[in-house]
There are 2 protein chains.
Amino acid sequence: MDRDVEILQALGDPTRLRLLNLLEQAREICVCELVDALQVPQYKASRHLQVLTNAGWLEDHRRGKWVYYRISTRLRPFQHDLLRAIGRLREGREDFRQDEARAGRRLMLRRDGLCCVGLVSKIGAATVPTSRQAQAQETR
Amino acid sequence: MDRDVEILQALGDPTRLRLLNLLEQAREICVCELVDALQVPQYKASRHLQVLTNAGWLEDHRRGKWVYYRISTRLRPFQHDLLRAIGRLREGREDFRQDEARAGRRLMLRRDGLCCVGLVSKIGAATVPTSRQAQAQETR
DNA sequence: CTCTCACATGCGCGATTATGCATATGGCCA
DNA sequence: TGGCCATATGCATAATCGCGCATGTGAGAG
């Protein structure tokens, strides 16, 4: 298959754009954090992360029970230009702003720079639903 | 619909990439010239040109029997970055190079900077098939 | 070992998309 | 006006895509 086209096709979806936007600004984010930030069902985030990874946009690695995603360290120059273009959308897109706000709140709850859903439930932060609860909230 | 996504989706097709690549390098090109350069059936070029136009990538205008397309003069900064990214693909893609070679030969046949298929047939240039002949050659 | 939690994925469905054929449109010319 | 040429488009079909549901997988905790 045409690799370049695959890379570009991966950008043609709002959910994937939102994922890329967040991941471009943070060093790495785990799936449950992304699910909370985007407020989408877990399987949906996972599927789109898969597409981005297969297209060469992302790398993932496991740490304990959590899987962290980050922008690939092996992007081609071509892709860096594309990322810059997407960055230009940041001010104009309401969804990006909201994602960033939620992600910011979520990432503040990390301990030692790591995702910590377990701690969240102990803190009892009702404002930070677990991925499963977020999944149930998702109606569309 | 999400306009940004529509713009990006338009890039996720090899034929459309080839059209954009040519149009980025020439001031304007008419449909029959594009058909010869890409060696695709006329209806295929026309359809993809429609998609690009609807997404805000191209503008078209009629001159006599011919319709000329060019890169829109109202691109957003966002889109200029995207074009630059596509330009980076130029050296690596064999299809781009061949398109450009064929387009170069074809555009040399212009008179007064205008497409002139009629003249081509009078010249009898067998190396430059008309769009209808190119259509018949197309097998896939 | 078993239970739980985070994440991935097989499957079916409805929607969208690309393609090819045939034909319509619209301008030019005789 | 009729015919030709460049281009666009209606239609049917096959392929692809995103979604949702359900379930599978794999790691850590008790």
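Order of the sequence lines sets the chain letters (A, B, ...), proteins ahead of strands, with each chain counted from 1.
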Which donor-acceptor pairs under 3.5 Å do the side chains of residues 45-55 of chain B make with protein atoms, sequence neighbours left out?
unit_1, atom_1, unit_2, atom_2, d
His48(B), ND1, Arg16(B), NH1, 3.1
Thr53(B), OG1, Leu49(B), O, 2.7
Asn54(B), ND2, Gln50(B), O, 3.4

Between the protein and nucleotides 25-30 of chain D, are there any N/O to N/O pairs under 3.5 Å, and if so, what are the atom names and distances?
none

Quiz item: Taking atom CG of Leu114(A) and atom CD of Glu33(A), what is their separation to the nearest 0.5 Å?
Solution: 9.0 Å
Quiz item: What pattern of brackets, bars and dots sums up DNA chain C from 5' to 3', given Watson-Crick or G-U wobble pairs under 3.5 Å, [ ] for crossing pairs and | for another strand?
Solution: ||||||||||||||||||||||||||||||
Practice problem: Please list, chain by chain and in numerical order, all residues satisfying salt bridge (charged side-chain N to carboxylate O under 4.0 Å, His left out) with Arg62(A), sequence neighbours excluded. | Solution: none
Self-check item: Test salt bridge (charged side-chain N to carboxylate O under 4.0 Å, His left out) applied to Asp99(B) - qualifying residues, sequence neighbours left out
Solution: Arg18(B), Arg102(B)
Exercise. Could you pull out all residues at least two apart from Asp60(A) that satisfy salt bridge (charged side-chain N to carboxylate O under 4.0 Å, His left out)?
Key: none
Nucleotides 12-17 of chain D: which of its N/O atoms have a protein N/O under 3.5 Å away?
none

Quiz item: Judged by atom type as modelled, is there a donor-acceptor pair below 3.5 Å linking the side chain of Glu59(A) to the main-chain atoms of Arg70(A)?
Solution: no
Quiz item: Partners of Asp2(B) by side-chain contact (heavy atoms from CB on, under 4.5 Å), sequence neighbours excluded?
Solution: Pro14(A), Arg93(A), Asp4(B), Val5(B)
Nucleotides 9-13 of chain C: which of its N/O atoms have a protein N/O under 3.5 Å away?
unit_1, atom_1, unit_2, atom_2, d
dG10(C), N7, Arg47(A), NH2, 2.7
dG10(C), O6, Arg47(A), NH1, 3.3
dG10(C), O6, Arg47(A), NH2, 3.1

Quiz: residues 19-31 of chain B side-chain donor-acceptor pairs under 3.5 angstrom, not counting sequence neighbours:
unit_1, atom_1, unit_2, atom_2, d
Asn21(B), OD1, Gln25(B), NE2, 3.2
Asn21(B), OD1, Arg90(B), NE, 2.9
Asn21(B), ND2, Glu100(B), OE2, 2.9
Glu24(B), OE1, Arg90(B), NH2, 2.8
Gln25(B), NE2, Asn21(B), O, 3.2
Gln25(B), NE2, Glu100(B), OE2, 3.1
Glu28(B), OE1, His61(B), NE2, 2.9
Glu28(B), OE2, Arg63(B), NH1, 3.4
Glu28(B), OE2, Arg63(B), NH2, 2.6

Practice problem: Name all residues meeting the side-chain contact (heavy atoms from CB on, under 4.5 Å) criterion together with Glu94(B); count only those two or more places apart in sequence or in a different chain, and write none if there are none. | Solution: Arg97(B), Gln98(B)
Quiz prompt | Those residues that, when tested against Asp81(A), pass salt bridge (charged side-chain N to carboxylate O under 4.0 Å, His left out) (two or more places apart) | solution = Arg84(A), Arg88(B)
